[in-house]
Amino acid sequence: MPSKCAICCEIMIAVLLPPLGVCLRHGCCTVEFLICLILTILGYIPGIIYALYAIVFVDRDQYFDEYRRPLYSQQY
(Lines give C-alpha, C1' and ligand atoms only; values in the text may rest on other atoms or scores of the structure.)
Protein backbone atom coordinates (compact mmCIF):
# COMPACT_ATOMS: atom_id res chain seq x y z
CA MET A 1 0.00 0.00 0.00
CA PRO A 2 1.56 3.31 -1.06
CA SER A 3 1.74 6.19 1.36
CA LYS A 4 -0.53 9.22 1.09
CA CYS A 5 2.43 11.34 0.01
CA ALA A 6 3.16 8.97 -2.89
CA ILE A 7 -0.49 9.05 -3.98
CA CYS A 8 -0.50 12.86 -3.80
CA CYS A 9 2.65 13.06 -5.95
CA GLU A 10 1.17 10.61 -8.47
CA ILE A 11 -2.00 12.70 -8.67
CA MET A 12 -0.02 15.88 -9.35
CA ILE A 13 1.99 14.10 -12.05
CA ALA A 14 -1.23 12.65 -13.51
CA VAL A 15 -2.71 16.11 -13.90
CA LEU A 16 0.34 17.27 -15.87
CA LEU A 17 0.96 14.08 -17.86
CA PRO A 18 -1.69 11.40 -17.25
CA PRO A 19 0.09 8.32 -18.68
CA LEU A 20 3.17 8.99 -16.56
CA GLY A 21 1.14 9.02 -13.35
CA VAL A 22 -0.51 5.72 -14.28
CA CYS A 23 2.86 4.27 -15.31
CA LEU A 24 4.34 5.08 -11.90
CA ARG A 25 1.45 3.33 -10.16
CA HIS A 26 0.72 0.32 -12.37
CA GLY A 27 3.69 -0.08 -14.71
CA CYS A 28 4.23 0.67 -18.39
CA CYS A 29 2.91 -2.54 -19.94
CA THR A 30 -0.47 -2.73 -18.24
CA VAL A 31 -4.01 -2.28 -19.48
CA GLU A 32 -4.48 0.77 -17.28
CA PHE A 33 -1.49 2.50 -18.89
CA LEU A 34 -2.61 1.70 -22.43
CA ILE A 35 -6.17 2.92 -21.78
CA CYS A 36 -4.83 6.13 -20.26
CA LEU A 37 -2.45 6.65 -23.18
CA ILE A 38 -5.24 6.21 -25.74
CA LEU A 39 -7.60 8.51 -23.83
CA THR A 40 -4.89 11.14 -23.50
CA ILE A 41 -4.20 11.01 -27.25
CA LEU A 42 -7.92 11.34 -28.00
CA GLY A 43 -8.44 14.11 -25.47
CA TYR A 44 -6.45 15.51 -22.58
CA ILE A 45 -9.35 15.79 -20.11
CA PRO A 46 -10.55 12.15 -20.49
CA GLY A 47 -6.94 11.05 -19.96
CA ILE A 48 -6.76 13.02 -16.71
CA ILE A 49 -10.08 11.64 -15.48
CA TYR A 50 -9.07 8.06 -16.17
CA ALA A 51 -5.61 8.59 -14.66
CA LEU A 52 -7.14 9.88 -11.43
CA TYR A 53 -9.51 6.92 -11.37
CA ALA A 54 -6.67 4.45 -12.00
CA ILE A 55 -4.47 5.97 -9.30
CA VAL A 56 -7.04 6.43 -6.57
CA PHE A 57 -9.54 3.60 -7.03
CA VAL A 58 -7.91 0.70 -8.92
CA ASP A 59 -5.99 -1.59 -6.58
CA ARG A 60 -3.89 -4.05 -8.58
CA ASP A 61 -2.86 -6.05 -5.50
CA GLN A 62 -6.34 -7.52 -5.05
CA TYR A 63 -6.12 -9.28 -8.41
CA PHE A 64 -3.03 -11.17 -7.37
CA ASP A 65 -4.63 -12.46 -4.18
CA GLU A 66 -5.26 -16.20 -4.23
CA TYR A 67 -8.91 -15.95 -3.13
CA ARG A 68 -10.08 -12.79 -4.91
CA ARG A 69 -9.27 -13.19 -8.57
CA PRO A 70 -11.34 -11.80 -11.43
CA LEU A 71 -13.73 -14.23 -13.08
CA TYR A 72 -11.76 -14.45 -16.30
CA SER A 73 -8.64 -15.80 -14.56
CA GLN A 74 -10.30 -18.70 -12.75
CA GLN A 75 -9.56 -22.16 -14.03
CA TYR A 76 -12.46 -24.55 -14.40
Side-chain angles (χ1 to χ4, degrees):
M1 182 85 182
S3 67
K4 292 185 180 194
C5 181
I7 292 174
C8 184
C9 290
E10 290 172 356
I11 289 172
M12 287 190 291
I13 291 171
V15 170
L16 297 174
L17 190 60
L20 182 61
V22 175
C23 179
L24 292 175
R25 170 68 111 175
H26 296 286
C28 291
C29 295
T30 60
V31 174
E32 288 87 4
F33 175 75
L34 294 175
I35 291 172
C36 187
L37 183 66
I38 291 169
L39 286 173
T40 303
I41 290 171
L42 293 175
Y44 187 66
I45 300 299
I48 291 175
I49 292 170
Y50 182 77
L52 294 176
Y53 168 76
I55 290 171
V56 176
F57 294 111
V58 175
D59 185 17
R60 292 285 293 177
D61 294 334
Q62 74 178 352
Y63 296 120
F64 296 111
D65 189 8
E66 182 67 29
Y67 301 106
R68 292 185 294 169
R69 291 185 185 169
L71 293 175
Y72 58 85
S73 69
Q74 292 179 353
Q75 296 177 355
Y76 293 101

Without placing hydrogens or testing angles, list every side-chain donor-acceptor pair under 3.5 Å for residues 45-55, not counting sequence neighbours.
none

Inset, instruction - Search all heavy atoms of Ile13 against all heavy atoms of Gly21 and return the closest pair with its distance. - result: CG2-N, 3.8 Å

Legend entry - Closest contact, heavy atoms only, Phe33 versus Cys28: CD2-O, 3.0 Å

Inset, instruction - Report yes if the side chains of Val31 and His26 come closer than 4.5 Å at any heavy-atom pair, otherwise no. - result: no

Legend entry - Distance (rounded to the nearest 0.5 Å) between Leu17 CG and Tyr44 OH: 7.0 Å

Legend entry - Atom pair CD1 (Ile35) and OG1 (Thr40), whose distance is rounded to the nearest 0.5 Å: 11.5 Å

Flag yes if [X] and [Y] sit in one hydrophobic cluster, no otherwise; membership is Ile, Leu, Val, Met, Phe, Trp, Tyr, and two members link when side-chain heavy atoms are under 4.5 Å apart.
{"X": "Val56", "Y": "Leu16", "answer": "no"}
{"X": "Leu37", "Y": "Val22", "answer": "yes"}
{"X": "Leu34", "Y": "Leu24", "answer": "no"}

Legend entry - Cys29: side-chain contact (heavy atoms from CB on, under 4.5 Å) partners, not counting sequence neighbours: none

